[in-house]
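For reference, the structure discussed in these notes is given below.
Predicted model, so just to flag it, every value in this text is computed and none were measured.
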Amino acid sequence: AEAAELCVATRLLRSRSSELRGDLGRAISEVLYGMHFARLIASSAVRPGQDCGIGGTVAEVQLRAHPDMKAWAAMRRRMVRLLLEQGRLKAAEGHIKQGLQECDRSHDELTR
């Protein structure tokens, strides 16, 4: 799990570096890689028969009980900001809607 967390942190740093160089496309792909690693971390922390609830559809999501919700939300916000900087309003709107749906389906009061 520590290695996966390090991968997430590394991808976010690479995303920031790409953004500072003006390569927003690469910055977005680094955030997507970070989100992928966060899904792996979350899915390894749940009990059998339950779903981590990250990045799934409404029918797939059963649980949001992992410690990385704050990091996941930060990556989602970063993705929206980068998409807005690129002028991709529809894609940003989609991420906003998905993030709100994830929060609505959560099982803890802090996330809601």
- Worked check of side chain to side chain donor-acceptor pair (under 3.5 Å) between T10 and R14: CA-CA 6 Å; T10 301; R14 289 176 56 112; over 6 Å; no
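The shortest heavy-atom contact between S18 and A27 is CB-N, 3.7 Å. For the pair M75 and A38, the tightest heavy-atom approach, listed with the atom from each and the gap, is CE-CB, 3.5 Å.
For K90, the side-chain hydrogen bond (donor to acceptor under 3.5 Å, both in side chains) test picks out no residue, with sequence neighbours left out. Under the side-chain hydrogen bond (donor to acceptor under 3.5 Å, both in side chains) criterion, R77 pairs with no residue, sequence neighbours left out. With sequence neighbours excluded, no residue satisfies side-chain hydrogen bond (donor to acceptor under 3.5 Å, both in side chains) with S29. Looking at residues two or more places apart in sequence or on another chain, you find a side chain to side chain contact (heavy atoms under 4.5 Å, CB included) between L32 and I28, M35, M79. Residues that satisfy the side chain to side chain contact (heavy atoms under 4.5 Å, CB included) test with R81, not counting sequence neighbours, are E19, R78, E85.
If you check the side chains of R11 and S15, you find no donor sitting under 3.5 Å from an acceptor.
With values rounded to the nearest 0.5 angstrom, C7 atom SG is found 11.5 Å from L12 atom CG.
There is a path of hydrophobic side-chain contacts, each under 4.5 Å, that joins L24 to L83.
In this structure, L100 shares a hydrophobic cluster with V80, L84, L89, I96, the cluster being traced through Ile, Leu, Val, Met, Phe, Trp and Tyr side chains under 4.5 angstrom apart.
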